[in-house]
Amino acid sequence: MGIIGDSLERADQEAFTRPLPKSAGAQMRYLVKQLKGTRAAAELLSVSQRTVERYVKNQIRRPRADLAQRMADAVRERWQPQVRKRRQQQAATTGGITVETRARFGYTAPIGTTDDGRFRRLTVHLPPAYARRLFDARDSGASDQQMRGVIAEGLKEIYFQDGGSRAMGLSDVEINDIDYLDLAY
């Protein structure tokens, strides 16, 4: 995933109402339950079915670092799907999404203006329509560059043009370099 996909994932995790399982056995039991069997969990984690069974029975307590990371990522990806869905639905219909970023914005502006491309730190609340477009783009497998375009359009409308009331002569806004990006809804 790119920087925007990772930011959306972090925003989803903030919606969790319960903590993720901490022990390796608890994580493995959760994966076995979600995937409906030890064979599917073994295939997902690239280990043997017997290894999965030993984790489920707490016969193995400390996984290798790479396996521990794969297990934690798999659990985090599947944890509380209804909570995630409800939170995304709320953002896409009524709440919107807040973008906090430090990035270089480049755009075309009238000659002689001081609005040339430079690093800016922005915190802007985008309306629900942009949140919906961003979720749809992520769910359809859009690239990080395509999701940047959605955010850039929202920033152009809300920040650079004040919702269309202050037309600065901008024809296009691009997010060129992102130092930091955080999304919240």
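Computation of the quantities below employed the complete heavy-atom set of this structure, encompassing side-chain atoms and omitting hydrogens, waters and symmetry-equivalent molecules.
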#### Entry: Trace of the salt bridge (charged side-chain N to carboxylate O under 4.0 Å, His left out) decision for Arg76 with Glu9
CA-CA 9 Å; Arg76 194 176 302 112; Glu9 184 65 28; over 6 Å; no
#### Entry: Chi angles and distances behind the side-chain contact (heavy atoms from CB on, under 4.5 Å) call for Ile97, Ile151
CA-CA 10 Å; Ile97 192 165; Ile151 292 174; over 6 Å; no
### Message
Under the criterion side-chain contact (heavy atoms from CB on, under 4.5 Å), I'd like the reasoning laid out for Arg138 against Gln88: C-alpha separation, chi angles, the key distance, then a yes or no.
### Response
CA-CA 12 Å; Arg138 178 186 62 180; Gln88 289 174 8; 2.8 Å; yes
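Under the side-chain contact (heavy atoms from CB on, under 4.5 Å) criterion, Pro63 pairs with Ala24, Tyr55, Leu67, Ala68, Met71, sequence neighbours left out. For Asp136, there are no salt bridge (charged side-chain N to carboxylate O under 4.0 Å, His left out) partners, not counting sequence neighbours. Evaluation of the side-chain contact (heavy atoms from CB on, under 4.5 Å) rule for Glu14 yields no partner, not counting sequence neighbours. With sequence neighbours excluded, no residue satisfies side chain to side chain donor-acceptor pair (under 3.5 Å) with Tyr30. In terms of the side-chain contact (heavy atoms from CB on, under 4.5 Å) criterion, residue partners of Pro127 (sequence neighbours excluded) are, by chain and number, Tyr130, Ile158. For Ala11, the side-chain contact (heavy atoms from CB on, under 4.5 Å) partners two or more places apart in sequence, or in a different chain, are Tyr185. Looking at residues two or more places apart in sequence or on another chain, you find no salt bridge (charged side-chain N to carboxylate O under 4.0 Å, His left out) involving Arg78. In this view, Arg54 satisfies the salt bridge (charged side-chain N to carboxylate O under 4.0 Å, His left out) rule with no residue, not counting sequence neighbours.
Here the shortest heavy-atom pairing between Leu31 and Ala74 reads CD2-CB, 3.8 Å. Taking all atoms of both residues into account, the shortest heavy-atom contact from Gly95 to His125 is O-NE2, 2.7 Å. Minimum interatomic distance between Ala131 and Ala91 (heavy atoms only, all atoms of both residues): CB-O, 3.6 Å. In this structure, Gly25 and Asn58 approach most closely via the heavy-atom pair CA-OD1, 3.5 Å.
The salt bridge (Lys or Arg N to Asp or Glu O under 4.0 Å) pairs that include a residue from residues 38-50 are Arg50-Glu53, where partners are two or more places apart or lie in different chains. The stretch residues 61-70 participates, sequence neighbours left out, in these side chain to side chain donor-acceptor pair (under 3.5 Å) pairs: Arg64-Asp66, Asp66-Arg70, Gln69-Asp73. Sorted by first and then second residue, the side chain to side chain donor-acceptor pair (under 3.5 Å) pairs involving residues 16-25 (not counting sequence neighbours) are Thr17-Gln80. Each salt bridge (Lys or Arg N to Asp or Glu O under 4.0 Å) pair with one or both residues in residues 85-101, not counting sequence neighbours, appears once here: Glu100-Arg121.
In this structure, Leu20 is not a member of the same hydrophobic cluster as Val83, with clusters built from ILVMFWY side-chain heavy atoms closer than 4.5 Å. Both Leu122 and Val99 are part of a single hydrophobic cluster, where members link through side-chain heavy atoms under 4.5 Å apart.
Proximity of Ile4 to Gln146: side-chain heavy atoms (C-beta onward) are nowhere separated by under 4.5 Å. No side-chain heavy atom of Asp182 sits less than 4.5 Å from a side-chain heavy atom of Thr123. In this structure, Arg10 and Leu183 have side chains that are not in contact, with every pair of non-hydrogen atoms separated by 4.5 Å or more. The side-chain heavy atoms of Gln13 and Trp79, taken from C-beta on, include no pair separated by under 4.5 Å.
Atom OG1 of residue Thr38 and atom CE of residue Met28 lie 10.0 Å apart, to the nearest 0.5 angstrom. With rounding to the nearest 0.5 angstrom, the OG1 atom of Thr101 is 4.5 Å from the CG atom of Leu181. In this structure, Thr93 OG1 and Arg132 CZ are separated by 7.5 Å, a value rounded to the nearest 0.5 Å. In this structure, the separation between CD on Glu77 and CG on Leu44 is 8.0 Å, given to the nearest 0.5 Å.
Remark: side-chain polar atoms of Thr94 are paired, donor with acceptor, to backbone N or O of Gln90 under 3.5 angstrom.
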